[in-house]
Amino acid sequence: MNSVNAPTAPRGAVDRFFKISQRGSTVGREIRGGLVTFLAMSYILVLNPLILGTTLDGTGQLLGGGTDLSQPNLSMIASATALVAGVMSILMGVLANFPLALAAGLGLNAVVAFSIAGIPNVTWADAMGLIVIEGIIILLLVLTGFREAVFKAVPAELKTAIGVGIGLFITLIGLSNAGIVTPGSGTILGLGNLGTFPVLVFVIGLVLTIVLHVRKVPGALLISILVATIIAVILENTLHLGTLGEDNPGGFKSAPIFHGVVDLPDFSLLGQFSLLGSFQNIGVVTIVLLVFSLMLADFFDTMGTMVAIGGEAKLLDSEGNPPRSKWILLVDSFGAIAGGMGSTSSNTAFVESSAGVGEGARTGLAAVVTGVAFLLSTFLAPLVALVPYEAAAPALVLVGFLMMTQIAGVDWKNPDIGIPAFLTIALMPFTYSISDGIGAGFISFVIVKLARGKIREIHWLMWLVSVLFVVYFLLDPIQGWLGL
């Protein structure tokens with residue numbers, strides 16, 4: 001990560017509006033950071049269409065129309081995904097002045113595709129309507145101050161542990177994207193096939209990232225991503241490695257194949273949602289449980305992410321709270337609503353924003369740059385798709401290290417915080433879920449305090465949220481008991 005200069009007098013309207021000099025940054029650093037964040041999270045333009053576009057709803061229809069799984073509407077979904085992500089990231093930058101970008105949330109989109117849209121008689125419009133309802137509920141929780149109150153009730157050291165856990169989580173994402181870590185035979189995880197050219201691309205990118213970082217070269221992450229992408233393109237065009245598959249174990253996870261530069265976007269998915277349609281097709285109890293599970297995951301993913309980003313950017317106050325936290329949470333709630341209305345699933349804060357922070361971003365200008373890049377990608381989708389996972393993964397690994405350094409802020413000799421912090425950090429990568437890690441930390445915090453006779457030190461909101469997490473973890477048996 002680039003060193004941050006001491007605050008200086010603002011230079012121009014943009015500097016004053018985003019407080020760039022005040023936070024010890026520069027316009028150039030913010031632009032680089034925004035571009036790095038975009039490159040680190042641009043995979044969502046490929047994955048979201050693949051998850052949402054290759055699944056039939058409860059009536060046998062594809063998202064965007066049609067019934068032939070061999071002809072999904074991927075470009076249509078990609079265009080909508082980029083548009084909503086662009087608008088919401090710009091709003092985050094302008095309204096919250098925080099270096100945090102938004103896009104369709106991985107995990108949440110899988111829940112929509114496989115657990116909601118697949119219910120008999122439920123349409124894609126019905127499923128997206130539930131996302132809008134979930135977003136409206138979260139918006140109300142923000143406007144009433146409840147969401148921010150919950151956030152501030154969390155002990156500062158537990159917030160630190162959340163940031164560290166997210167660091168390990170995105171490191172695992174990076175290693176998995178690069179093929180270094182794969183599902184193991186006889187183990188949970190195993191070492192991937194290191195004898196492939198895509199892994200070589202990752203290794204070259206990681207070595208270059210480390211060298212540039214320790215040498216304090218400006219733009220280290222962006223340079224490494226671009227260099228690794230160029231190497232990947234050369235390898236693909238000379239050796240024709242193709243896309244990874246069972247019959248092609250040496251291929252790229254997303255082959256860097258050049259299909260041109262510009263393509264016209266298709267925004268016909270916008271507005272294709274039915275707010276109350278699901279109530280006609282599935283029971284009210286089922287709807288309540290589905291919305292609750294979506295809301296809880298959305299509610300705490302962003303809270304954890306903004307702590308991690310704020311900690312890495314050194315923007316947190318003494319209580320571990322980022323500036324303008326209410327505005328951050330407000331824009332995030334609008335992201336859920338916009339994602340449902342745009343048929344792209346709930347849009348939420350992306351932890352990959354830490355890659356831009358690692359490049360030196362400290363203000364909302366970086367999020368605006370990321371948003372503009374997403375808007376441009378609606379036309380430049382072929383060029384964006386040229387960056388393979390293996391080229392962007394090194395940035396995530398290095399940022400994971402940077403976030404791991406926050407671990408020194410936890411008092412490990414104090415079991416009151418040490419045990420909850422440990423479970424938070426451990427369960428995020430092991431369950432592949434930020435929310436699951438936060439839930440384990442909250443519940444164990446209450447249990448430890450009770451065991452040590454310190455019930456008065458438990459904030460009532462920690463009690464409430466811990467009970468909600470218990471319900472969240474027991475959703476499957478609860479649905480079984482209710483015969484759903």
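A quick note: this is a predicted structure, and the numbers were derived from the prediction, not measured.
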- Evaluate the side chain to side chain contact (heavy atoms under 4.5 Å, CB included) criterion for residues Met428 and Val164: first the C-alpha distance (whole Å), next the side-chain angles of each, then the deciding distance (0.1 Å), finally the verdict. CA-CA 10 Å; Met428 280 191 194; Val164 174; over 6 Å; no
Taking the side chain as every heavy atom from C-beta outward, state whether [X] and [Y] have any pair of such atoms under 4.5 Å apart.
X	Y	value
Arg362	Lys314	no
Phe252	Val201	yes
Val132	Met128	no
Pro198	Leu241	yes
Met92	Val368	no
Leu365	Ile20	yes
Pro249	Thr196	no
His213	Leu402	yes

At what distance, to the nearest 0.5 angstrom, does [atom1] of [X] lie from [atom2] of [Y]?
X	Y	atom1	atom2	value
Lys159	Ile438	NZ	CD1	11.5 Å
Ile204	Phe197	CD1	CZ	10.0 Å
Ser79	Phe379	OG	CZ	9.0 Å
Thr81	Leu269	OG1	CG	8.5 Å
Glu390	Ile231	CD	CD1	12.5 Å

- Message: I want to know whether Tyr432 and Phe169 have ring centres closer than 6.0 Å.
- Response: yes
- State plainly whether the residues Lys326 and Glu148 are in salt-bridge range, i.e. N to O under 4.0 Å. no
- Taking 4.0 angstrom as the limit, do Asp332 and Arg147 come out as a salt bridge? yes
- Message: Strictly distance-based, threshold 3.5 Å: is any side-chain N or O of Gln61 a donor or acceptor partner for the main-chain N or O of Leu56?
- Response: no
- Task: Answer yes or no: is there a donor N or O on one side and an acceptor on the other, between the side chain of Arg29 and the main chain of Gly24, under 3.5 Å?
- Result: yes
Please give me the minimum heavy-atom distance between [X] and [Y], naming the atom from each residue.
X	Y	result
Ser345	Val112	OG-CG2, 3.7 Å
Gly371	Ile90	CA-CG1, 3.8 Å
Leu427	Ala440	CD2-CB, 3.5 Å

- Can you list the steps and then say if Ser353 with Thr305 is a side chain to side chain contact (heavy atoms under 4.5 Å, CB included)? CA-CA 9 Å; Ser353 302; Thr305 300; 5.9 Å; no
- Message: According to ring pair (Phe, Tyr, Trp, His ring centres under 6.0 Å), does anything in residues 333-377 pair up with another residue at least two apart or in another chain? List the pairs.
- Response: Phe38-Phe374
- For Lys253, does the NZ atom sit with more than 12 other heavy atoms under 6.0 Å from it, leaving out its own atoms? yes
- Would you check if there is a donor-acceptor pair between the side chains of Gln272 and Ser343 at a distance under 3.5 Å? no
- Task: Would you check if there is a donor-acceptor pair between the side chains of Glu30 and Thr363 at a distance under 3.5 Å?
- Result: yes
- Item | Those residues that, when tested against Asp317, pass side chain to side chain contact (heavy atoms under 4.5 Å, CB included) (two or more places apart) | Glu319, Asn321
